[in-house]
Structures are given as structure tokens and as C-alpha cells.
Novice: 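Submitted below is the structure of interest, expressed as C-alpha cells.
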Amino acid sequence: MRRPILRYGAPVLQQKAAPIAALTPELDTLIDDMRDTMHGAAGVGLAAPQVGESLRVCLVDLSAGRRPDQLLVLINPDVLERDGLQLKEEGCLSVPGIEATVPRPQSLTVRAMDRDGDVRDIRAEGLLARAIQHEVDHLNGILFLDRLRPVYRWALTRRIARLRRAGKW
Ligand SMILES: [Zn+2]
């Protein structure tokens, strides 16, 4: 079932999410709903706070739903290692219509549990590393706007405020 995606300004997007203590049927439902919501919005990643659940679970799917084997479910993810730097344009389902060049590690290793309860280390590079770092940031209450230089962030938040006032956001 698709859930509404919360937008920039929703308090839950700025909170540190709580660890998942146990794999439960409720968590399974949440993950299914997050997958449907992400694919419905043609997104490549979604974190639980974006659907209003302050829990440490996020999804990444670079195929945007075209290849089921590409779906990564990361429960209690922990980035162990980051290397290098990449600068690419990036957006967020919670900040629609806004893109910005965000500095991210070129590669990383993330340790996370999957939905079967297995803990794995995943080595990621390029776009996958970027997507994972973006989603893990959500679990720490950080949006991509927060990774920008202040003057640039200020310009974008002004633009969002203008769009909001015009009823276009
Ligand atoms: Zn996002």
C-alpha cells in the first residue's frame, strides 16, 4: 500500500530515527508499503521517516522498480567506511522539484540487516554509494539540503518558501 510522502518541513524528517529492535509483521508491512511508495513515485530510495515512521529502515533500488533483485532493504544501517568524493546532482522525494550538487563519498561500506534478519556488509560505489548515504542521512534527520554550503542552502529554502506561498509546492 502506498503511503503519503512527507515533505521538507515535517518535523519527523529532522529527527534521529530509533533502531529497529525486532523483525515483526508490522515492520514487514512497513517495508512493503515503503517499496510500493518508492516505486509509485519512481524513486530510487526511501527512508521510513519520509512516510512518518521514525525508525532506522531504508530502501534503495537503483532500477526504480524495474528489477526486483535490485531492491536493497537496510535495517539499522551503519556506514563503516567512506572513501573518496563525488559531486553529482541529487534530489529527494521529500524535496520535490529541487536538485542540487551534493558532495558524497565515492565509495562506502555499510553494515545492515536485511528483512530475513541476516546482517551483511555491503560495499558500494558511485551512484549506489550516493543513494545509500542519502538514505542513511534521512535516518539521522539530515536532508541533502543540509549537506550544501549555507549560502546555497539558503537560496534553495527561499525558493521552496516562494513555491509554497504560490501554492505550487
Ligand atoms: Zn531523500
Side-chain angles (χ1 to χ4, degrees), residues 1-20 27 30-66 70-79 82 85-108 110-112 114-115 122 124-150 152-161 163-164 168-169:
M1 190 184 75
R2 285 171 68 173
R3 300 195 190 188
I5 298 174
L6 300 181
R7 292 188 172 196
Y8 169 75
V12 68
L13 293 175
Q14 291 174 296
Q15 288 163 14
K16 195 170 159 74
I20 306 270
L27 177 64
L30 172 62
I31 291 169
D32 284 342
D33 287 356
M34 286 172 62
R35 182 199 57 211
D36 295 348
T37 303
M38 176 176 73
H39 290 159
V44 297
L46 189 74
Q50 294 180 277
V51 294
E53 301 284 349
S54 196
L55 292 169
R56 300 189 80 77
V57 54
C58 58
L59 310 185
V60 172
D61 177 4
L62 294 187
S63 83
R66 285 186 293 274
Q70 296 278 294
L71 179 68
L72 271 181
V73 176
L74 306 172
I75 297 168
N76 297 336
D78 188 12
V79 177
R82 297 176 177 84
L85 175 73
Q86 55 171 317
L87 285 166
K88 295 259 168 56
E89 282 239 310
E90 162 175 335
C92 176
L93 294 176
S94 293
V95 194
I98 306 282
E99 292 196 336
T101 301
V102 185
R104 296 289 187 189
Q106 175 59 29
S107 63
L108 56 76
V110 64
R111 178 170 294 170
D114 64 20
R115 47 190 318 184
I122 300 162
E125 287 188 24
L127 184 56
L128 185 60
R130 164 176 297 278
I132 290 171
Q133 185 64 63
H134 178 114
E135 298 312 323
V136 171
D137 272 0
H138 273 300
L139 305 183
N140 294 319
I142 297 167
L143 294 175
F144 77 92
L145 300 171
D146 300 318
R147 296 281 189 196
L148 305 176
R149 274 185 288 170
Y152 198 24
R153 182 171 66 230
W154 182 79
L156 286 178
T157 51
R158 291 245 314 178
R159 199 164 124 208
I160 292 168
L163 289 170
R164 267 206 184 113
K168 291 177 187 158
W169 207 79

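Whatever order the structure lists them in is the order used to number ligands and atoms, beginning at 1. Predicted model only: the values in this text are computed from it and were never measured.
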Novice: Does a salt bridge link Asp33 with Arg3, judged by any charged N lying under 4.0 Å from a carboxylate O?
Specialist: yes

Novice: With a cut-off of 2.8 Å, which protein N/O/S atoms are close to the Zn ion (ligand 1), if we only count those under it?
Specialist: Cys92 SG, His134 NE2, His138 NE2

Novice: Going from CD on Glu90 to CD on Glu99, what distance comes out if it is rounded to the nearest 0.5 angstrom?
Specialist: 9.0 Å

Novice: Apply side-chain hydrogen bond (donor to acceptor under 3.5 Å, both in side chains) to residues Arg82 and Gln133 and explain how you reach the verdict.
Specialist: CA-CA 10 Å; Arg82 297 176 177 84; Gln133 185 64 63; 2.9 Å; yes

Novice: Apply side chain to side chain contact (heavy atoms under 4.5 Å, CB included) to residues Leu27 and Ile75 and explain how you reach the verdict.
Specialist: CA-CA 10 Å; Leu27 177 64; Ile75 297 168; 4.1 Å; yes

Novice: Output all residues satisfying side chain to side chain contact (heavy atoms under 4.5 Å, CB included) with Pro19, sequence neighbours left out; order by chain, then residue number.
Specialist: Arg56, Asn76

Novice: Between Asp32 and Arg2, is the closest basic N to carboxylate O distance under 4.0 Å?
Specialist: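 Result for this pair is no, no salt bridge flagged.
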
